[in-house]
Number of protein chains: 2
Amino acid sequence: MGAAEPIAGLRSGPYTAPQARIIAAAVELFSDHGVSGTSLQMIADTIGVTKAAVYHQFKTKDEIVLAAAEAELARLEAALDAAGAEPSRTRTREVLVTHIVDLAVQRRHAVSVILSDPVIIPFFSQHEPFRRVLDRLNRLLMGDDAGSAGRLATTMLMAAISGAVMHPLFADLDNDTLRPELLHLARRFLDLPG
Amino acid sequence: MGAAEPIAGLRSGPYTAPQARIIAAAVELFSDHGVSGTSLQMIADTIGVTKAAVYHQFKTKDEIVLAAAEAELARLEAALDAAGAEPSRTRTREVLVTHIVDLAVQRRHAVSVILSDPVIIPFFSQHEPFRRVLDRLNRLLMGDDAGSAGRLATTMLMAAISGAVMHPLFADLDNDTLRPELLHLARRFLDLPG
DNA sequence: GTCTATACGCGGATAGAC
DNA sequence: GTCTATCCGCGTATAGAC
């Protein structure tokens with residue numbers, strides 16, 4: 001089964017030590033200032049090197065953004081793995097939506113790294129590994145036979161969850177209040193009881 | 001009643017002719033290249049003037065973005081007006097969700113102007129007129145007594161709808177196919193029949 | 001009032017020396 | 001691998017022509 005295997009091209013590694021330092025600094029800065037609000041200079045200053053040194057590790061800023069986004073995407077893959085191991089389809093959907101909500105709440109700020117930037121979205125929709133993750137997510141949620149209607153529902157659910165956790169109007173809502181309400185509404189969208 | 005009155009500060013006008021030309025060009029360019037992907041130079045070139053001439057009409061790029069976003073937001077207000085005139089609360093919700101879906105599908109690309117840019121979202125959450133539109137939307141959808149749970153549901157619904165119409169994976173889905181499916185899922189989220 | 005000319009500082013990006 | 005130096009385009013800003 002390919003279910004438990006990492007998707008080709010979606011490497012969380014292998015990165016060299018300098019690359020890993022850059023990614024770590026980037027994720028932190030992207031979360032605080034947004035992608036476009038973070039300059040290579042800021043990343044360079046954070047790890048104490050020059051802008052050109054950063055450039056030697058990653059040819060473009062987009063590559064850094066992509067690496068940071070892939071790190072977040074890998075968490076979603078882990079949720080797919082866990083849900084796929086459940087015995088029934090109902091259980092799969094229940095576990096999956098719960099994990100996704102948990103993940104979204106837990107990584108609240110970082111969700112914007114992968115979803116809120118205009119650079120990433122068009123890029124990822126051309127990105128084979130990303131599409132395969134979405135396909136797998138869609139199959140687990142909606143079943144193998146769901147067509148464009150199923151994909152639309154999956155897209156809406158993901159947009160709804162990430163839109164909610166990212167929204168500034170709920171920035172001061174603490175995780176323990178947000179999570180159950182979010183889960184309840186997500187389950188209702190999926191026609192799950194509760 | 002303030003329901004039918006335009007919200008103070010949310011002017012679609014009055015703009016001078018040069019300003020209106022800039023806004024029109026900006027909306028077009030933002031839709032095609034995104035906000036941060038659109039430079040003042042591109043706007044200037046489109047209407048055949050210099051960058052400084054654009055800068056003379058609007059002191060910052062953010063002001064242009066705001067004006068473009070307000071033009072889109074005014075369309076949402078019109079939907080609120082229409083829905084608010086319905087006799088029953090059920091009818092209000094039905095008409096409102098239908099108009100919002102229609103608007104989102106019809107203005108597919110432009111939705112990103114108001115919702116997808118990292119610059120706009122934090123800015124608008126501080127923007128009084130915008131908050132009042134959101135409050136009014138929330139009351140019409142969820143009722144006067146709905147607290148943070150109602151606001152969360154409203155946020156999720158709007159994020160789901162706009163996320164769906166903006167998603168590149170559905171860019172090739174034509175409007176007449178997208179609209180009914182979107183409406184169906186949105187209604188289900190609101191516990192409306194059908 | 002509307003525009004042009006010009007400039008500053010910062011952004012991403014590149015070339016070549018150590 | 002990291003540096004210095006440099007490039008061009010960006011948003012921003014001002015002075016002044018018509």
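Note that the structure is a prediction, hence the values are computed from the model and not measured. Chain A is the first sequence line, chain B the second, and so forth, proteins listed ahead of strands; every chain is numbered from 1.
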### Query
Side chains of Ser39(A) and Met42(A): closer than 4.5 Å at any heavy-atom pair?
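Of all side-chain heavy-atom pairs linking Met42(A) with Ser39(A), at least one is under 4.5 Å.
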#### Entry: Close side-chain approach of Ile64(A) to Val54(A), heavy-atom, < 4.5 Å
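Ile64(A) reaches Val54(A) side chain to side chain.
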Mind calculating the distance between [atom1] ([X]) and [atom2] ([N]) to the nearest angstrom?
X        : N       : atom1 : atom2 : value
Leu40(A) : dT2(D)  : CG    : C1'   : 15 Å
Ile43(B) : dC3(C)  : CD1   : P     : 14 Å
His56(A) : dA15(C) : NE2   : C1'   : 12 Å
Lys61(A) : dC10(C) : NZ    : P     : 16 Å
Leu29(B) : dG11(D) : CG    : P     : 12 Å
Tyr55(B) : dA13(D) : OH    : C1'   : 6 Å
Lys59(B) : dT14(D) : NZ    : P     : 11 Å
Gln57(B) : dA13(D) : CD    : P     : 16 Å

### Task
Measure distances between side-chain N and O atoms of Lys51(B) and base N and O atoms of dG11(D), and say whether any donor-acceptor pair falls under 3.5 Å.
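Result: at least one qualifying N/O pair found.
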### Task
Can you label the angle between the His127(A) ring and the Phe124(A) ring as parallel, tilted or perpendicular, going by 30° and 60°?
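His127(A) and Phe124(A): parallel rings.
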### Message
Can you see whether Thr16(A) engages Gln19(A) through a side-chain donor-acceptor pair at a distance of less than 3.5 angstrom?
### Response
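Judged by distance alone, the side chains do pair up.
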### Message
By nearest atom, which of the nucleotides dT14(D), dC3(C), dT14(C) is closest to the Ala52(B) side chain?
### Response
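Of the candidates, dT14(D) comes closest.
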